[in-house]
Participant: 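This is the structure, below, for whatever I ask next.
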Number of protein chains: 2
Amino acid sequence: MVGLLRSHDINPTHQRIEIAYVLFSRQEHLSADQVMALVNTHHSETSKATVYNTLKLFVEKGLVRELIVDPSKVFYDPNTHPHHHLYEINTGKLSDIGAEYMQVSGLPPLPAGTVIEGIDLIVRVRRAS
Amino acid sequence: MVGLLRSHDINPTHQRIEIAYVLFSRQEHLSADQVMALVNTHHSETSKATVYNTLKLFVEKGLVRELIVDPSKVFYDPNTHPHHHLYEINTGKLSDIGAEYMQVSGLPPLPAGTVIEGIDLIVRVRRAS
DNA sequence: GTATTGATTTGGACTTTGTCTAATGTCTGG
DNA sequence: CCAGACATTAGACAAAGTCCAAATCAATAC
């Protein structure tokens with residue numbers, strides 16, 4: 001874990017290691033709230049501000065991917081390999097779609113002076129009524 | 001405008017007409033906040049609750065499309081034809097990508113009992129540094 | 001060991017977006 | 001003109017996230 005952080009140019013402090021561990025030990029999409037809860041399961045150790053700071057740092061350093069899918073909260077995905085997402089509207093459940101299932105082709109003209117940061121493909125499903 | 005609402009099975013009240021007008025007269029992506037401000041430019045006419053209620057109704061009835069792209073607010077898109085979106089991370093600016101520029105192929109296995117509600121393709125760009 | 005210094009963490013106040021509720025207003029068919 | 005259904009409203013509330021100044025920590029210098 002320490003090595004992973006160092007290799008992404010992140011100073012491995014106690015709190016950062018804890019948060020990275022929570023994200024990478026289970027391969028799930030977690031919200032800041034959930035990270036907060038998981039890090040502090042035993043005794044409260046890490047503040048809300050630190051959790052938010054750290055997640056932002058991880059995103060900047062490319063350690064995790066930020067998912068903007070749920071209208072009310074951001075999710076963080078420890079898997080940074082190319083893949084897509086499936087979101088169940090009713091439940092808020094989020095799961096992966098392997099890159100082999102769906103492909104994106106073509107690129108739009110970009111506004112002058114901008115570069116692509118990422119391409120998000122999200123399949124939204126609803127429970128059939 | 002009244003006809004448009006009726007054709008989507010929406011009772012055309014004064015407030016709904018105003019809100020629809022704001023959305024459809026300019027072809028832009030607006031947040032609830034912006035709709036609120038635009039509807040109430042002259043004298044305050046429409047409450048926050050109504051704006052939110054109405055936008056939700058419009059989405060349910062398929063009159064506008066809900067865009068979850070910005071981490072802090074939902075945008076509403078009066079264009080319901082198939083197209084994609086380009087989001088400038090630095091500025092929060094959102095623009096359309098014509099369906100002809102990018103294509104999505106393939107479909108993932110869906111969880112049992114669910115149907116596709118929509119597929120969102122978002123290109124995120126950042127100002128080159 | 002102790003001091004220094006910059007980086008990190010923290011509690012808590014604050015902001016923003018959106019929801020909820022109970023009361024009120026409006027419209028329509030008979 | 002009345003009943004009932006539907007729509008709107010103000011304002012309280014909730015949840016997610018930001019901000020800031022103070023406290024703490026970690027690493028190095030001496």
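Throughout, protein chains are lettered first and strands after them, A, B, ... in sequence-line order, and every chain is numbered starting at 1. In this text the structure is predicted, and so the values were computed from the model without any measurement.
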Participant: Show me the protein contacts with nucleotides 9-17 of chain C, counting only N or O atoms at under 3.5 Å.
Facilitator:
residue : atom : partner : partner atom : Å
C/dT9   : OP1  : A/Thr13 : OG1          : 2.5
C/dT9   : OP1  : A/Gln15 : OE1          : 3.3
C/dT9   : O3'  : A/Gln15 : NE2          : 2.9
C/dT10  : OP1  : A/Gln15 : NE2          : 3.4
C/dT10  : OP1  : A/Glu45 : O            : 2.8
C/dT10  : OP2  : A/Ser47 : N            : 3.0
C/dT10  : OP2  : A/Ser47 : OG           : 3.4
C/dT10  : OP2  : A/Thr50 : OG1          : 2.7
C/dT17  : OP1  : B/Lys73 : NZ           : 3.1
C/dT17  : OP2  : B/Asp33 : OD2          : 2.9

Participant: Between which nucleotides of DNA chain D, read 5' to 3', does contact with chain A run, using atoms under 4.0 Å from its heavy atoms?
Facilitator: D/dA16 to D/dC19
Participant: Who passes salt bridge (Lys or Arg N to Asp or Glu O under 4.0 Å) against B/Arg26, sequence neighbours left out?
Facilitator: none
Participant: For B/Pro111, what residues pass the side-chain contact (heavy atoms from CB on, under 4.5 Å) criterion, not counting sequence neighbours?
Facilitator: A/Leu86, A/Glu88, B/Thr114
Participant: Not counting sequence neighbours, which residues clear salt bridge (Lys or Arg N to Asp or Glu O under 4.0 Å) with B/Arg126? List them please.
Facilitator: A/Glu117
Participant: Which other residues belong to the hydrophobic cluster containing B/Tyr52, where Ile, Leu, Val, Met, Phe, Trp and Tyr are joined when side-chain heavy atoms lie under 4.5 Å apart, directly or via other members?
Facilitator: none
Participant: Anything under 3.5 Å between a donor and an acceptor, one on a side chain of residues 90-98 of chain B, the other on a protein residue two or more places apart or in another chain? List them.
Facilitator:
residue : atom : partner : partner atom : Å
B/Thr91 : OG1  : B/Lys93 : N            : 3.1
B/Asp96 : OD1  : B/His29 : NE2          : 2.8
B/Asp96 : OD1  : B/His83 : NE2          : 3.2
B/Asp96 : OD1  : B/His85 : NE2          : 3.3

Participant: Going by the rule salt bridge (Lys or Arg N to Asp or Glu O under 4.0 Å), which residues pair with A/Glu60 if we only count those two or more places apart in sequence or in a different chain?
Facilitator: none
Participant: Just jot down the side-chain contact (heavy atoms from CB on, under 4.5 Å) partners of B/Ser47, sequence neighbours excluded, or say none.
Facilitator: B/Ala49, B/Thr50
Participant: For nucleotides 26-30 of chain C, which of its nitrogen or oxygen atoms have a protein nitrogen or oxygen under 3.5 Å away, and what is each distance?
Facilitator:
none

Participant: Would you list the pairs meeting side chain to side chain donor-acceptor pair (under 3.5 Å) in which at least one residue belongs to residues 9-20 of chain B, sequence neighbours left out?
Facilitator: none
Participant: With sequence neighbours left out, write down each residue that passes side-chain contact (heavy atoms from CB on, under 4.5 Å) with B/Tyr21, or none if nothing qualifies.
Facilitator: B/Met1, B/Ser25
Participant: How about A/Tyr87 and B/Ile68: do any of their side-chain heavy atoms sit closer than 4.5 Å?
Facilitator: no
